[in-house]
Amino acid sequence: MKMSRYFLHTLREAPAEAETASHQLLLRAACIDQLMAGSYTYQPLGWRVKRKVEEIVREEMDRAGGIEIHMPALQPLDIWEQSGRADALGETLFRLTDQRDRSLALGATHEEVVTKLVADHARSYRDLPLTLYQIQTKFRDEARPRGGLVRVREFTMKDAYSFDLDEAGLDVSYDAMFEAYKRIFARCGVPVIPVEADSGAIGGKDSREFMFVTEIGEDTIVRCDTCDYAANTEKAEFRRVPSPEAAAADREEVSTPDTKTIEALTALLGVTAAQTAKAVLYMSTDPHDESAPALPLFVVVRGDMQVNEIKIRNHLHGRGLRAMTESEAERYGIVAGYASPIGIDASVRVIADVAIEHASNLVAGANKAGTHFRNVNYGRDWRVQDGDIIDCANAEAGYGCPRCDGTLGTVRGIEMGHVFRLGRIYSEVFGARVLDEAGEQRTAVMGCYGIGVERIVSASVEANHDEKGIMWPASVAPFDVHLVGLGLGRDADLAADADALYAELTAAGLQVLFDDRDDSPGVKFNDADLIGLPLRVTVSSRNQKAGVVEVQARSASEATQIARAEVVAHLRDTHAAMLAPLR
RNA sequence: CGGGGUGUAGCUCAGCUUGGUAGAGCGCUGCGUUUGGGACGCAGAGGCCCACGGUUCGAAUCCGUGCACCCCGACCA
């Protein structure tokens with residue numbers, strides 16, 4: 001491709017809305033262009049990258065036994081109501097009405113459609129195992145798009161869905177996808193770590209996210225410094241450092257005026273946060289029925305811990321959670337700021353973190369303004385219903401690893417892919433059943449496996465750039481070679497040779513971006529660094545006189561002179577060597 | 001949805017406090033000179049100053065109401 005005939009307008013300065021390196025560089029290198037929040041045009045260069053990423057994903061899905069299909073983005077709302085996810089996704093699901101007044105949705109994902117497809121056509125155990133996949137646009141009405149391509153409202157996702165006769169079969173399908181994912185990210189130059197994760201609105205168990213570790217990440221990952229335990233903070237477990245066990249002392253009231261926070265309490269009484277009990281008040285709601293009454297919930301964690309609302313929601317089987325209002329608290333006789341699990345109204349469900357059970361002589365509210373209790377002990381002073389002592393606190397840096405003696409630390413990360421063992425949630429709803437060898441009806445066991453294509457593009461830049469620009473991995477670079485012609489306009493001979501070299505390289509199977517513009521060397525070199533193709537070749541009259549051209553890898557600090565006659569073979573070999581580890 | 005910030009040329013920004021009808025750098029067009037790391041000169045094109053109301057003789061500037069975009073949080077695959 002000759003740059004003089006291409007659509008490639010680099011920016012010297014990054015637009016003000018871009019903060020992260022990858023977002024700035026993708027804009028400056030004319031890979032993308034923003035239309036509105038969370039909606040981007042792929043310019044020619046970016047589109048080539050995206051297609052290469054998709055091709056790698058496709059190759060690995062095929063290698064793992066997947067079969068590609070294409071499903072509609074426009075879907076009847078009914079199937080979302082059937083699966084219960086119209087409510088689960090809520091506002092995130094784009095809804096629209098057609099001219100006959102039928103309610104439709106734009107596919108936020110495709111479990112419903114694919115399960116219905118398999119339900120309608122698979123009949124025999126011989127049809128399984130089956131893994132179908134798609135690489136398609138998905139729509140989600142994100143409350144807050146962010147980070148350039150990281151969180152957008154219209155995006156490309158590879159989703160694969162496996163159908164097996166039983167759990168053992170699912171294990172095989174799941175493992176095949178897991179391996180394929182490792183290969184995909186490695187080939188795209190994106191380092192990832194698999195972490196344990198919550199399965200969210202999709203449902204299912206045993207879900208793992210592939211995380212790209214970066215300070216710009218929107219998720220927090222908890223990692224052990226000793227073993228390989230890693231989990232999303234939504235899900236992460238941890239070992240509670242046992243509080244010193246002491247004989248239960250007599251409970252006593254203590255006056256604590258204007259002491260409604262743990263900080264104020266520890267300052268006033270000279271105790272540590274871990275010696276206090278923190279009360280957090282919620283109302284739990286029915287996600288499927290807005291008119292259903294919300295139920296009061298009183299959560300108790302140790303004062304040094306934070307409540308993990310996802311763990312609470314999972315304990316409540318997916319019920320919604322919102323903060324209790326002051327008037328609601330009043331209605332249940334709760335004194336805000338001094339709430340106490342002792343003597344609480346029986347209609348209020350109390351849930352406590354496991355750390356509370358064995359902590360002795362805690363400071364807790366007395367449910368009386370300006371008053372706390374000292375020496376509160378679980379079991380003696382108050383109790384929850386059976387089963388309501390649970391892990392409901394956030395793991396944090398410095399806590400103990402749940403698997404070994406190590407200590408947990410936290411890093412930020414971006415979720416690049418997610419694999420779930422779904423089970424029979426959707427196959428039950430849509431009737432995806434086949435007859436087994438014995439002639440019995442069997443409901444398929446499903447897995448689902450998603451990858452965000454744009455996120456790979458972003459992360460690949462985030463992981464591969466320097467102060468001058470992008471350094472594309474050879475596997476996803478928009479072109480293989482950046483051919484820079486210097487002073488072609490005043491040397492017809494040189495121009496002819498540059499054209500010849502362009503043709504030779506192209507004929508040798510390399511994708512060449514030829515800078516034939518009438519610009520100064522500085523402009524051309526800086527654009528080449530910004531665009532970041534893996535190899536740069538410079539032709540100039542100086543080199544021509546010496547019978548050489550100059551070759552420099554984007555990652556190298558110096559150029560090498562290669563004889564003109566040998567340069568095509570040299571580049572072909574060098575490029576092949578760059579690509580080899582990414583195949 | 002809560003908190004914070006920003007809207008002036010394709011991009012980065014000044015002008016707004018103290019109202020008088022629009023500027024710089026980069027980019028773009030033409031001509032000339034240059035040519036190995038973002039050259040130089042000359043001449044140009046390009047703006048409903050986010051929108052709508054209001055105040056005023058007069059509004060980019062003051063007041064009000066919206067909208068958009070960015071960041072933090074909530075939510076989220």
Side-chain angles (χ1 to χ4, degrees), chain A residues 9-20 23-24 27-28 30 33-39 85 88-93 107-111 138-148 150-153 155-159 197-204 207-211 216 218-220 232 234 287 309-310 313 320-323 414-420 422 448-455 468-469 484-491 494 515 517-530 536 538-546 549-550 552 559 561:
Chain A
H9 303 97
T10 58
L11 299 175
R12 193 176 289 203
E13 289 173 286
E17 74 258 17
E19 279 213 342
T20 64
H23 191 195
Q24 290 184 354
L27 286 167
R28 286 187 55 212
D33 180 70
Q34 183 176 37
L35 180 62
M36 60 178 176
S39 208
R85 288 209 295 179
L89 283 165
E91 304 279 284
T92 306
L93 188 65
T109 173
H110 287 77
E111 278 79 13
K138 311 230 170 178
F139 298 87
R140 290 183 193 170
D141 194 354
E142 286 298 331
R144 180 153 97 86
R146 72 179 109 188
V150 170
R151 182 164 291 277
V152 290
R153 302 203 295 172
F155 60 101
T156 310
M157 179 174 259
K158 185 287 300 174
D159 245 341
D198 184 71
S199 54
I202 298 248
S207 94
R208 281 179 178 255
E209 291 169 335
F210 285 78
M211 286 283 188
I216 66 167
E218 50 180 8
D219 287 301
T220 301
N232 193 309
E234 294 172 354
E309 295 180 6
I310 289 170
R313 267 214 299 256
L321 218 54
R322 65 168 171 82
I414 298 175
E415 178 188 354
M416 307 299 299
H418 203 158
V419 294
F420 304 76
L422 260 187
C448 78
Y449 319 91
I451 284 183
V453 174
E454 292 58 18
R455 287 187 177 180
K468 292 178 180 167
V484 178
L486 298 183
L488 302 183
R490 58 196 151 84
D491 186 339
L494 182 67
D515 191 346
R517 299 172 301 171
D518 185 20
D519 263 310
S520 70
V523 169
K524 295 188 173 206
F525 288 138
N526 279 298
D527 270 350
D529 289 339
L530 175 61
R536 189 183 83 195
T538 308
V539 298
S540 66
S541 52
R542 195 172 83 185
N543 288 334
Q544 194 186 34
K545 281 182 194 111
V549 298
E550 237 173 62
Q552 182 168 359
Q561 316 278 325

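Here is how names work: the chains are called A, B, and so on, in the same order as the sequence lines, proteins then strands, and each is numbered from 1. Quick caveat: nothing in here was measured; it's all calculated off a predicted structure.
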Provide the distance between the two [atom1] atoms, one in [N] and one in [M], to the nearest whole Å.
N	M	atom1	value
B:A45	B:A24	P	13 Å
B:U56	B:G10	C1'	35 Å
B:G47	B:C11	P	14 Å
B:G53	B:A9	C1'	27 Å
B:U65	B:G4	P	15 Å
B:G23	B:C49	P	14 Å
B:U55	B:U61	P	15 Å
B:U21	B:C67	C1'	26 Å

Grab the [atom1]-[atom2] distance between [X] and [N] for me, whole Å please.
X	N	atom1	atom2	value
A:Met211	B:A77	CE	P	12 Å
A:Glu17	B:U6	CD	P	16 Å
A:Asp515	B:U35	CG	P	18 Å
A:Glu454	B:A77	CD	P	17 Å
A:Leu494	B:G36	CG	P	12 Å

Hey, does [X] reach any base, or is it just sugar-phosphate, or nothing, if we go heavy atoms under 4.0 Å?
X	result
A:Glu142	base
A:Met36	sugar-phosphate
A:Gln34	sugar-phosphate
A:Ala143	base
A:Ala18	nothing
A:Arg536	base

Legend entry - Pairwise 5' ranking along RNA chain B for A:Arg455 and A:Arg153, keeping only the more 5' one: A:Arg153
Legend entry - Residue met sooner reading RNA chain B from 5', once A:Lys524 and A:Thr92 are mapped to nucleotides: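 On the 5' side of the pair lies A:Lys524.
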Could you list the protein-to-nucleotides 24-31 of chain B atom pairs, N/O on both sides, closer than 3.5 Å?
{"from": "B:G25", "atom 1": "N2", "to": "A:Glu13", "atom 2": "OE1", "distance (Å)": "3.3"}
{"from": "B:G27", "atom 1": "OP1", "to": "A:Arg12", "atom 2": "NH2", "distance (Å)": "3.2"}

Taking a pair as Watson-Crick or G-U wobble with both distances under 3.5 Å, which nucleotide is matched to [N]?
N	result
B:C75	none
B:G66	B:C50
B:G10	B:C26
B:U21	none
B:U34	none

Inset, instruction - Please indicate yes or no: is the ring centre of A:Phe155 less than 5.5 Å from the centre of the six-membered base ring of B:A77, with the two planes inclined by under 30 degrees? - result: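 Yes.
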Legend entry - Proximity to the side chain of A:Asp518 - top-ranked nucleotide from B:G36, B:U35, B:G38: B:U35
Legend entry - salt bridge (Lys or Arg N to Asp or Glu O under 4.0 Å) partners of A:Glu218, counting only residues at least two apart: A:Arg146, A:Arg151, A:Arg455
Inset, instruction - Establish whether the base of B:G10 is bridged to the side chain of A:Arg28 by a donor-acceptor pair shorter than 3.5 Å. - result: no
Inset, instruction - Using only heavy-atom distances, decide whether a donor-acceptor pair under 3.5 angstrom links the side-chain of A:Arg144 to the base of B:C1. - result: no
Inset, instruction - Under the side-chain hydrogen bond (donor to acceptor under 3.5 Å, both in side chains) rule, collect the residues that match up with A:Thr92, sequence neighbours excluded. - result: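 Counting only residues at least two positions away or on another chain, A:Thr92 forms no side-chain hydrogen bond (donor to acceptor under 3.5 Å, both in side chains).
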Inset, instruction - Please indicate whether A:Glu91 has more than 12 foreign heavy atoms, meaning atoms of other residues, nucleotides or ligands, lying under 6.0 Å from its CD. - result: no
Inset, instruction - Could you tell me whether a side-chain N or O of A:Gln34 sits under 3.5 Å from a main-chain N or O of A:Met36, the two making a donor and an acceptor? - result: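 Indeed, once roles are kept as given, a pair shorter than 3.5 Å links the two residues.
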